[in-house]
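One structure is given here, and the rest of the page talks about it.
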Amino acid sequence: MEKRLDRSFFEIDALTLARKLLGCTLVHNGPDGKTAGVIVETEAYRGQVDKAAHSYGKKPGGRTAVQFGPGGYAYIYLIYGIHECFNVVAGAEGEPECVLIRALAPTEGVPLMVGRRHREKVEELCSGPGKLCKAMASRRELYGCDLCGEELYVIEGAVADEEVAATPRIGVGYAEEAALYPWRFIIKESHFLSLPYPKEK
DNA sequence: TGTCCGATTGGT
DNA sequence: CCAATCGGACAG
């Protein structure tokens with residue numbers, strides 16, 4: 001029944017991985033308990049060709065070091081001095097790519113999430129990159145954590161193309177031409193997105 | 001060493 | 001609309 005994704009699943013380009021992660025379930029099995037949610041919103045970042053990526057034009061080392069390693073590890077960084085964002089490293093060794101997880105539909109550990117977030121509504125527990133990190137206790141201590149391990153892992157899942165939309169990424173207006181790349185993927189009808197998807201006519 | 005600013009969020 | 005809050009990136 002429940003199958004955990006193995007290393008090979010993550011060893012592909014970030015664009016492909018971002019799409020394939022929709023419908024999969026991210027699990028955090030930490031000291032305080034277990035939380036999990038279905039991935040409903042992702043964004044691809046490709047360091048070799050993408051001005052919006054932290055690893056763009058960079059050599060291995062520093063904040064993005066883990067991105068240069070093999071796929072299937074956690075890239076977590078501090079944003080605005082306050083929040084943290086969780087990414088899945090994509091691609092093979094030497095390819096600095098990753099997928100930002102932007103929203104989840106909670107499936108397990110909701111009371112734990114409520115306690116960590118100080119919010120009651122399930123729809124708002126994980127509806128943004130910083131929110132889901134807080135809800136799942138993804139602190140920077142998990143930087144470089146193996147996603148094929150026991151504390152952090154992903155369960156296989158899928159969604160049909162008709163349920164998916166691709167849009168420009170959020171908050172990357174500074175990235176010139178890359179700002180318009182349709183590298184954000186969402187499950188359109190999900191009620192757990194960071195931004196509502198406009199009604200189709 | 002110093003300054004600038006962000007892959008955000010929550011409260012005015 | 002705006003403050004919070006800090007480390008990475010880059011200029012000097």
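These numbers come from the heavy atoms of this one structure, side chains and all, not from hydrogens, waters or symmetry mates. All chains are named by letter (A, B, ...) in the order of the sequence lines, taking the proteins before the strands, and each is independently numbered beginning at 1.
Taking 4.0 angstrom as the limit, A:R184 places none of its side-chain polar atoms (N or O) nearer than this to OP1 or OP2 of B:dA7.
Put simply, the side chain of A:L5 does not reach to within 4.5 Å of the side chain of A:I155, judged on heavy atoms.
A straight line from CD of A:E84 to P of B:dA7 spans 15 Å, rounded to a whole angstrom.
In a base pair of the Watson-Crick type (N1 to N3 plus N6-O4 or O6-N4) or a G-U wobble (N1-O2 and O6-N3), with each distance short of 3.5 Å, C:dT5 is matched with no nucleotide.
The stacking criteria are not both satisfied for A:Y77 over the base of B:dA7, which would need a centre-to-centre distance under 5.5 angstrom and an angle between ring planes under 30 degrees.
Taking the P atom of each, C:dT5 and B:dT12 are spaced 15 Å apart, rounded to whole Å.
In the model, A:Y45 has a side-chain atom that pairs as donor or acceptor with a side-chain atom of A:E43 under 3.5 Å. Side-chain contact, A:H54 with A:Y75: a donor N or O sits under 3.5 Å from an acceptor N or O.
Comparing A:I82 and A:T64 along DNA chain C, the residue whose closest nucleotide (by nearest heavy atom) sits nearer the 5' end is A:I82. Where A:H83 and A:R140 each meet DNA chain C at their nearest nucleotide, the meeting point lying more 5' is that of A:H83.
Closest to the side chain of A:R63, from the set C:dG8, B:dT9, B:dG6, is C:dG8.
Between atom CD of residue A:E151 and atom CG of residue A:D146 there is a gap of 11.0 Å, rounded to the nearest 0.5 Å.
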